[in-house]
Amino acid sequence: MNPVPAVQIAGLVKRYGTAPKNRVVAVDGLDLTIAAGAITAVLGPNGAGKTTTIETCEGYRRPDAGTVRVLGLDPVTQSAALRPRIGVMLQSGGVYAGARAVEMLRHTAKLHAHPLDVDALVERLGLGSCGRTTYRRLSGGQQQRLALAMAVVGRPELVFLDEPTAGLDPQARRATWDLVRDLRRDGVTVVVTTHHMDEAEQLADRVAIVDRGKVITEGTTEELCRGGAEDSLRFDGPPGLDLGPLVKELPEGATAVETTPGSYRVEAPVDPKLLATVTGWCAAAGVLPERLSVQRRSLEDVFLDLTGRELRS
Ligand SMILES: Nc1ncnc2c1ncn2[C@@H]1O[C@H](COP(=O)(O)OP(=O)(O)OP(=O)(O)O)[C@@H](O)[C@H]1O
Ligand SMILES: [Mg+2]
């Protein structure tokens, strides 16, 4: 792996709005180093500052403080040198709505010295039937796929994909994953944001979790999941069970939580005795524990533990 990081962000601050009362601190002293040649997933609740950070790396936004280097270049002052080397898929589309889909892709390919084969890419992303359709008339998922194709067709060294699979059907999601993996195989660095924890688990070599404008943790999925209880016992049951009596029976330091309505997790060293305690409590409470299983902490658990369970405005 290339020892020079693909992206280096130190102390990045980005605010929106001018009136002091309406000021939003979207990014608040964010530090992040992204390794070259790997897939890094940036996760975070809505409004955490992911898109703002990525758009700053792409040179679309100027930092209020801190430094950003992408492939060793300043995205604002050296954008002419940087732009041809990176591929960008914006969350907000960013594709001219009146242009015909495949024509636009061909045009973009011609702007690059060593583009990918457009026909193969079109085939691969299932855009064959969209040839003369304008971007605005494509379905949401087709627009996403076209935007992905536009981001990679120039064979960039580094690709930023902001929620590339949002709203895609399972087939298109998998086609996207395959494409992203092939990019890595070809030595391309990929930075991807997603709200799908399974996607991050499947794809990413490293994961960074952003909350309230800062990176709050970073590492491989395995490293992040190892941070807390090694394993847990889970089961489904009726929502809203009173877990107080169960917790009293558990060993010191163990916890029991309802992670989402009707899904329960007991965090403690899992051994046969713990299993007996939990099933005994279920029997006494008249609850049939469905899908009872012993599991490792998932990325979603880590995410919810670190960023909280309340909805973000
Ligand atoms: N152009 C803008 N003007 C004013 N506020 C903005 C603007 N863009 C983003 N914000 C605010 O900055 C904060 C961070 O937004 P950002 O889009 O970076 O979040 P995000 O992590 O990408 O969220 P999501 O997961 O919903 O895409 C939010 O509070 C948002 O409302
Ligand atoms: Mg976003």
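Counting starts at 1 for both ligands and their atoms, following the listed order.
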Can you tell me the protein heavy atom closest to [atom] and the distance?
atom: atom 18 (O) of ligand 1; result: T52 OG1, 2.6 Å
atom: atom 23 (O) of ligand 1; result: G47 N, 2.8 Å
atom: atom 26 (O) of ligand 1; result: N46 ND2, 2.9 Å
atom: atom 9 (C) of ligand 1; result: Y16 CE1, 3.2 Å

Original post:
With a cut-off of 2.8 Å, does any N, O or S atom of T51 fall short of it relative to the Mg ion (ligand 2)?
Top reply: yes
Original post:
Does Q91 bring an N, O or S atom to under 2.8 Å of the Mg ion (ligand 2)?
Top reply: yes
Cationic N near anionic O, under 4.0 Å, [X] to [Y]:
X: D198; Y: R173; value: yes
X: R106; Y: D119; value: yes
X: R184; Y: D205; value: yes

Polar contacts were defined as any N/O atom of the residue lying under 3.5 Å from an N/O atom of the ligand; does this apply to [X] and ligand 1?
X: G44; value: no
X: A26; value: no
X: V24; value: no
X: T53; value: no

I'd like to know if [X] contacts ligand 1, where contact means a heavy-atom distance under 4.0 Å to any ligand atom.
X: G17; value: no
X: E55; value: no
X: K14; value: no

Where ligand 1 meets [X] - atom numbers and elements under 4.0 angstrom, heavy-atom basis:
X: E163; answer: 25 (O), 27 (O)
X: T51; answer: 17 (O), 18 (O), 20 (P), 22 (O), 27 (O)
X: G49; answer: 14 (C), 18 (O), 19 (O), 20 (P), 21 (O)
X: H195; answer: 25 (O)
X: Q91; answer: 27 (O)

Measure the shortest side-chain to side-chain distance between [X] and [Y] over non-hydrogen atoms and say whether it is less than 4.5 angstrom.
X: D74; Y: V68; result: no
X: P239; Y: E258; result: yes
X: V270; Y: L275; result: no
X: L158; Y: V190; result: no
X: V27; Y: R15; result: no

Original post:
Can you name the nearest heavy-atom pair linking V159 to P156, along with the distance?
Top reply: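 Closest heavy-atom pair between V159 and P156: CG2-CG, 3.7 Å.
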Original post:
Are any non-hydrogen protein atoms located under 4.0 Å from atom 31 (O) of ligand 1?
Top reply: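 So far as the 4.0 Å threshold goes, atom 31 (O) of ligand 1 is out of reach of every protein heavy atom.
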Original post:
Just to confirm, does any protein heavy atom lie below 4.0 Å from atom 2 (C) of ligand 1?
Top reply: yes
How about [X] and [Y]: does a side-chain donor come under 3.5 Å of a side-chain acceptor?
X: E199; Y: W177; result: yes
X: D211; Y: T307; result: no
X: E249; Y: T277; result: no

